[in-house]
Amino acid sequence: MRTQVGIVGAGPAGLLLSHLLHLHGIASVVIEARSRDYIEHRVRAGVLEQGTVDTLREAGLGTRLDAQGLRHEGIELRFDGEGHRVPMTELTGRAITVYGQQEIIKDLVARRLDEGGDIRFEVSDVRVDGVSGAAPTITFGHDGRRETLECDFVAGCDGSHGISRDSAPAGALEVFEREYPFAWLGILAEAAPAVDELIYCLHASGFALYSMRSPTISRLYLQVSLDEDIEKWPDERIWDELAMRFALAGSDWSPTSGPIIDKGVTPMRSFVTEPMQAGRLFLAGDAAHIVPPTGAKGLNLAVNDVRLLARAFDAWYARGDDALLASYTHDALRRVWRVQHFSWWMTQMLHRFPGDDEYGHRVQVAQLRNVVESPSYATALSENYVG
Ligand code: FAD
Ligand code: DHB
């Protein structure tokens, strides 16, 4: 088997790259470890920056997004039992759209398959070889056979636990990382959201986030400990904890509860791989970098990477021009480090760190108060949040 660009991973990065390459007339094959059903139902991100929405629309992927996506023009920061709205659109002219990552995956898989795209699901034992030469290969097990895909280039889009990163020659890549001493417990519930906009909440017991997927589905998160046992969180305990953290002084407002249809714990981690390329291997999305989810950035960064990568492959195939491929790392990293800083800043401002004392909490509250009272601070947060 031969293709122009072999893509490892059918997450947002790999699938969107395959689609954008197709729009440029460049062939690709996508290799995915999981089943189609699994990736179409994996509950993850939900907040799309304006630029992400624009990219999806320009690529002809806007139909369901425009019909079902929820446009939000502000967020609430809640602390000390009080809510404060940050009017992002008023401050920046831009907005975010709430649309589930698995919906983007469904849109992309359907479109690629409709247009004759080649996606191999449920592959095993994937190896990437020869990235230092002109003819890299991807080998994998599929339908009981061992297959070899010969490529001009390999795009490693296989997420933070993938194998692409380790396929670079020893010593070619450097990783910068930070682990956080807590995790998020996320739920999806059949409950009408009690709010119109997202709430990021700091409470003495830890962070909480109110989000949603539709007028009937809520998505909520709680800061929990790193080694949290999900069995210790029956539904009732989750709703009690959410009500306690989101409580407003002098009001009996609380999140609307309902049947919980998905529940999971996500550790919080950051890393950046530099460079994001080695020979003919190019890394994109979570394979190259991850951020803690507090800034809602991972998916948006993945989209930004593949937008740059598709343009660079197009320049190479259309004109033999390798300048954009050569500058891919440089071009992508500017945004990656901006987002690393923003995600770190949001995380340290909104979470309770083990060992934090009352002093630490009061400094966080002072910082939040500054953000909601100073138009300059609120604008800086908004610019980063809407992208
Ligand atoms: P992935 O989505 O991880 O896709 C990688 C794919 O590669 C997967 O399908 C995987 O099965 C496959 N794969 C792995 N190994 C192999 C292999 N060896 N061979 C073949 N295939 C392989 N981001 C935001 O922008 N906004 C948010 O609001 C947000 N919230 C989040 C909330 C949570 C709880 C979590 C966990 C993440 C959140 N993120 C958010 C981050 C976002 O989900 C990720 O950044 C995004 O999924 C990255 O896309 P990707 O395509 O790079 O990687
Ligand atoms: C969602 C996830 C996030 O990480 C975030 O910061 C905001 C919203 C969500 O899943 O809706």
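Indexing begins at 1, ligand by ligand and atom by atom, following the structure's order. It should be emphasised that the depicted structure is a prediction, and the values quoted were computed from it without experimental measurement.
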Is there a polar contact between ligand 1 and [X], counting only N or O atoms under 3.5 Å apart?
| X | result |
| --- | --- |
| Ala296 | yes |
| Ile163 | no |
| Gly298 | yes |
| Arg42 | yes |
| Pro293 | no |
| Ser160 | no |
| Glu32 | yes |
| Thr266 | no |
| Ala302 | no |
| Val123 | no |

**Message:** Could you walk me through whether Met268 and Gln223 satisfy the side chain to side chain contact (heavy atoms under 4.5 Å, CB included) test, starting with their C-alpha distance in whole Å, then the side-chain angles of each, then the deciding distance to 0.1 Å, before giving a yes or no?
**Reply:** CA-CA 10 Å; Met268 310 264 288; Gln223 178 188 348; over 6 Å; no
**Message:** So Val5 and Leu309, do their side chains get closer than 4.5 Å, heavy atoms only?
**Reply:**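 No, their side chains stay 4.5 Å or more apart.
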Suppose we measure from [atom] to each protein heavy atom; which comes out shortest, and what is that distance?
| atom | value |
| --- | --- |
| atom 1 (C) of ligand 2 | Tyr221 CE1, 3.8 Å |
| atom 2 (O) of ligand 1 | Arg44 NH1, 3.0 Å |
| atom 4 (O) of ligand 2 | Pro293 O, 2.7 Å |
| atom 39 (N) of ligand 1 | Ala45 CB, 3.6 Å |
| atom 42 (C) of ligand 1 | Gln101 OE1, 3.5 Å |
| atom 21 (N) of ligand 1 | Ala33 N, 3.2 Å |

**Geometric class of the Phe246/Trp253 ring pair [parallel <30°, tilted 30-60°, perpendicular >60°]** = perpendicular
**Message:** Just to verify, which of Thr294, Leu202, Thr347 counts as forming a side chain to side chain contact (heavy atoms under 4.5 Å, CB included) with Phe207?
**Reply:** Thr294
**Prompt:** What's the verdict on salt bridge (Lys or Arg N to Asp or Glu O under 4.0 Å) for Arg94 and Glu383, showing C-alpha distance, side-chain angles and the deciding distance?
**Reply:** CA-CA 8 Å; Arg94 294 159 78 82; Glu383 284 171 347; over 6 Å; no
**Message:** According to a hydrophobic-cluster definition based on side-chain heavy atoms being under 4.5 Å apart (Ile, Leu, Val, Met, Phe, Trp, Tyr only), do Trp184 and Trp344 belong together?
**Reply:**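 In one cluster with Trp184: Trp344, yes.
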**Message:** Looking at ligand 1, would Cys157 count as a contact under a 4.0 Å heavy-atom criterion?
**Reply:** yes
Against heavy atoms of [X], which atoms of ligand 1 measure under 4.0 Å?
| X | result |
| --- | --- |
| Gly162 | 15 (N) |
| Tyr221 | 32 (C), 34 (C) |
| Val126 | 19 (N) |
| Ile31 | 20 (C), 21 (N) |
| Gly159 | 3 (O), 5 (C), 53 (O) |
| Arg34 | 11 (O) |
| Asn300 | 25 (O) |

Close-contact set for ligand 2 against [X] heavy atoms, below 4.0 Å:
| X | result |
| --- | --- |
| Arg219 | 10 (O) |
| Leu198 | 7 (C), 8 (C) |
| Leu209 | 3 (C), 5 (C), 6 (O), 7 (C), 8 (C) |
| Val47 | 7 (C), 8 (C) |
| Arg44 | 10 (O) |
| Tyr200 | 5 (C), 6 (O), 7 (C) |

**Prompt:** Out of curiosity, is Lys297 lining ligand 2, as in a heavy atom under 4.0 Å away?
**Reply:**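 No; Lys297 lies far enough from ligand 2 that no heavy-atom distance drops under 4.0 Å.
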How does [X] reach ligand 2, if at all, at less than 4.0 Å between non-hydrogen atoms: by side chain, backbone, both, or neither?
| X | answer |
| --- | --- |
| Thr294 | backbone |
| Ser211 | side chain |
| Trp184 | side chain |

Given [options], which one has a non-hydrogen atom that is nearest to [atom]?
| atom | options | answer |
| --- | --- | --- |
| atom 49 (O) of ligand 1 | Pro12, Gly285, Gly11, Ala10 | Pro12 |
| atom 16 (C) of ligand 1 | Val98, Val30, Asp158 | Asp158 |
| atom 45 (O) of ligand 1 | Asp305, Leu283, Asp286 | Asp286 |

**Asked** Under 4.0 Å from ligand 1, counting heavy atoms only, is it the side chain of His161, its backbone, both or neither?
**Response** neither
